[in-house]
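Beneath this line is the structure, given in structure tokens, with notes to follow.
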There are 4 protein chains.
Amino acid sequence: MSEKRVRADARRNEDAVLEAAKAVFASSGVDAPVREIAAKAGVGLGTIYRRFPERSDLVAAVFRREVDTCAAEATALAESHPPGEALVLWLKRYTAFIATKRGLAAALHSGDPAFEKLPGYFRSNFEPALTALLDAAAAAGEVRAGVAAYDLLRAVGNLSIASDEDGPAYTAGMVDLLIDGLRFRAVRPAEK
Amino acid sequence: MSEKRVRADARRNEDAVLEAAKAVFASSGVDAPVREIAAKAGVGLGTIYRRFPERSDLVAAVFRREVDTCAAEATALAESHPPGEALVLWLKRYTAFIATKRGLAAALHSGDPAFEKLPGYFRSNFEPALTALLDAAAAAGEVRAGVAAYDLLRAVGNLSIASDEDGPAYTAGMVDLLIDGLRFRAVRPAEK
Amino acid sequence: MSEKRVRADARRNEDAVLEAAKAVFASSGVDAPVREIAAKAGVGLGTIYRRFPERSDLVAAVFRREVDTCAAEATALAESHPPGEALVLWLKRYTAFIATKRGLAAALHSGDPAFEKLPGYFRSNFEPALTALLDAAAAAGEVRAGVAAYDLLRAVGNLSIASDEDGPAYTAGMVDLLIDGLRFRAVRPAEK
Amino acid sequence: MSEKRVRADARRNEDAVLEAAKAVFASSGVDAPVREIAAKAGVGLGTIYRRFPERSDLVAAVFRREVDTCAAEATALAESHPPGEALVLWLKRYTAFIATKRGLAAALHSGDPAFEKLPGYFRSNFEPALTALLDAAAAAGEVRAGVAAYDLLRAVGNLSIASDEDGPAYTAGMVDLLIDGLRFRAVRPAEK
DNA sequence: GATGAATGAGAGTTCATTCAT
DNA sequence: GATGAATGAACTCTCATTCAT
């Protein structure tokens, strides 16, 4: 059987769809018509519906894929940079992730069961990643301890939501301001 | 004579529509069906369309009315509280204003000409109001100087957008963290 | 479309929709596209959906209206004709009713809650009507007693389903054959 | 050599498809998705379309196959039972045939050219079969003569259409009633 | 030959906007 | 002026049919 070759095509198409969806969601929000995504991906409507029976399934798939990618970078950064720097760099990376999620917050509250697991997925991937970065930075006396990673994720997330509109430079500035908030009353290690 | 009566009626209706729209936008977002607003206001659909030829006109009207109300409170607070406190209180008030604007950010980017002037209206009302509060607080050494009021408006705005979801307490906490960022490196008057 | 229609014509529109639906259901079955009905009624799609939020509501409304009309004729016929004749005439009338119900039987078994009450409506209107006719005819010795009205309703109903195809004359002939079945072993009053 | 094997395979597949289609049509109607049939037959969609270029071709093929089988049983019954009994038994068998044809009547009126020849096929197979049974029963004085076989085919067919719904017992009862209609005024052979 | 991924027309349904009353 | 019935564009989703592998 030529199953494998067919699958290769399918995989290519699935990638194309996810890429197109990511782009369309970023520019037009998660409520963008499925047709627009199909057109951008260069596939038929049915191809999308075959893999993602409801539009919400597609939204969820794009979301998960990007969460995976973004969370993976946290450890990479932690290994290649000093703690404070790694923290800031990753928050910036995370900022870019959020910037493509226009309209998702609203969708998450729509009650659609396809979205039910997304907040959990988000948290279980990002919270440990950011906690590690935060702990390391606190240990180095760069930031105050005791700030919940999850709260910070949401705060930076909210700050980043309008990034397209205000420009990345603005978002960066505000995240810096928030990090300054963390630095306020930070305790430097005694020996230092 | 009858003109006057008619105007009074019209005004009453317009108020009812704006109040209803404000409530509906806050709970269902600015994409809520016009019908819902008409029903809540107790008027016919046509009455809304007479005054606000397109949906976006109604959104804009509600927005402007609330901007006016909120901006007016800045001066009131400045007169009745010490600078640092007035700043924090108003930011909290502003936080409540934003919390009812779910979906507006997206609408502002829709390209609808009815929304074109809204950002300008927002800025020209809120920026001076916050600048005054900020300057007073900086003069009192409560916060660092040099932070642009407009940037802060957007930052707090974004932090507040998800307030319903995360709870007002969370929003308050994050705004406090941001204000801590402002306090970081603030220069106390004595040292000046 | 015509220029004059609205509130007073709402009634006219509802009638037009029901008439159009009746005709379309009769010719294309109850699964006919709503668009087709709208076109035939000369109204917009939304007009139909305003009154009949789901297509099944429209099907149900048409059904009820015709049940009412047809059942009412049973008593009229009973009063104006001798028992045996009234029975046959009404069954013929009922035959015409069924002939327009193509596809309804299947729809009734679809599990759609909008159809749940239809069989009950059908039965509670038609069964008493036919029972009266049957009893009178049996009392006159025209047909055998002991045949359940409901069974006969279904039998004649099924015989009539394809009437369009086979022609009313054929249906009439077969209903006659069925009635001959009823006459077989009928007990004449004198012999009683 | 391999040709023979391929043919055997093909035949096996065709059989599987026809069996599956028969079952699916019986349970879900002739409008059931082709996919469902392919899945039940354990073949790919393409395999069905290779042999039956359109859905309607498959419907027609299933129909013809069952007509053949059912018609063949008429002669078998005539040889193994007395005339009146053979008639009743075959009508019951025919009743089962019809019971699996839900939705076909509507399809026949769709105007699809693939169905054009089906009524003729039906008639040319069943009419002689039933005529023979009817003539034999009339000759034996069991039923009245002069009833057209074709009319009776359609009548019993229509009575049977809803058999699933009303239950086979009900259908049997109504067919019996119809046969009683035939017995009404039957002329017993003088000598008997 | 068989497979099933891909296609896209078409159907149901929603809701902004128009306009007769 | 107010009302709400009517309109129809636009959206999601289904499934017959085609065709690359």
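Chain identifiers are assigned alphabetically (A, B, ...) following the order of the sequence lines, protein sequences preceding nucleic acid strands; residue numbering begins at 1 within each chain. Here the structure is a predicted model, which is why all the values come from computation and not from measurement.
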At under 4.0 Å, does any side-chain N or O of R51(A) touch on OP1 or OP2 of dA5(E)?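 No, no such contact exists.
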Short side-chain N/O contact to dG1(E) OP1/OP2 from N13(D), under 4.0 Å: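 Checking N13(D) against dG1(E): no side-chain N or O falls below 4.0 Å of OP1 or OP2.
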Check every strand shown and say whether A32(C) touches a base, only sugar-phosphate, or nothing at a heavy-atom separation below 4.0 Å.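 The residue A32(C) makes sugar-phosphate contact but no base contact.
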Name the nucleic acid region contacted by R55(C), choosing base, sugar-phosphate or nothing; use a 4.0 angstrom heavy-atom cut-off, strictly under.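 Answer is sugar-phosphate: R55(C) comes under 4.0 Å of backbone atoms only.
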Round to the nearest Å and state the distance from [X] atom [atom1] to [N] atom [atom2].
{"X": "I37(C)", "N": "dT13(E)", "atom1": "CD1", "atom2": "P", "answer": "11 Å"}
{"X": "D57(A)", "N": "dC13(F)", "atom1": "CG", "atom2": "P", "answer": "9 Å"}
{"X": "L45(B)", "N": "dT7(F)", "atom1": "CG", "atom2": "P", "answer": "16 Å"}
{"X": "D112(A)", "N": "dT12(F)", "atom1": "CG", "atom2": "P", "answer": "13 Å"}
{"X": "L58(A)", "N": "dC11(F)", "atom1": "CG", "atom2": "P", "answer": "16 Å"}
{"X": "R35(C)", "N": "dT14(E)", "atom1": "CZ", "atom2": "C1'", "answer": "12 Å"}
{"X": "I48(C)", "N": "dT14(E)", "atom1": "CD1", "atom2": "P", "answer": "14 Å"}
{"X": "E36(B)", "N": "dA16(E)", "atom1": "CD", "atom2": "C1'", "answer": "14 Å"}

Both distances under 3.5 Å, Watson-Crick or G-U wobble: report the partner of dT21(F), or none.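 Base-paired to dA2(E).
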Is there a donor-acceptor pair under 3.5 Å between the side chain of R55(D) and the backbone N or O of A32(D)?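 At least one qualifying donor-acceptor pair exists.
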Side chain of Y49(D) only, please: which of dA2(F), dA16(E), dA16(F) is the nearest?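 That would be dA16(F).
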T47(B), nearest nucleotide to its side chain (from dA16(E), dT3(F), dC13(F)):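 Selected nucleotide (nearest to the side chain): dT3(F).
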Does the side chain of T47(C) pick up a donor-acceptor pair with the side chain of N13(C) at under 3.5 Å?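 N13(C) and T47(C) do not have a side-chain donor-acceptor pair below 3.5 Å.
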I37(C) and F25(C): side chain to side chain contact (heavy atoms under 4.5 Å, CB included), yes or no, with the steps? CA-CA 9 Å; I37(C) 297 166; F25(C) 289 160; 3.6 Å; yes
So, are R50(C) and E14(C) salt-bridged, with charged N and O less than 4.0 Å apart?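 No, R50(C) and E14(C) are not salt-bridged.
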Are R65(A) and D15(A) within salt-bridge range, i.e. N to O under 4.0 Å?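 Yes, charged N to carboxylate O under 4.0 Å.
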Most 5' of G46(A) and E14(C) on DNA chain F, judged by nearest nucleotide: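 Nearest-nucleotide comparison on DNA chain F picks E14(C).
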P33(D) or R50(B), whichever maps to the more 5' nucleotide of DNA chain F: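 Nearer the 5' end of the strand: R50(B).
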Starting at the 5' end of DNA chain E, which residue's closest nucleotide do you reach first, G42(A) or G42(D)?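 Of the two residues, G42(D) wins.
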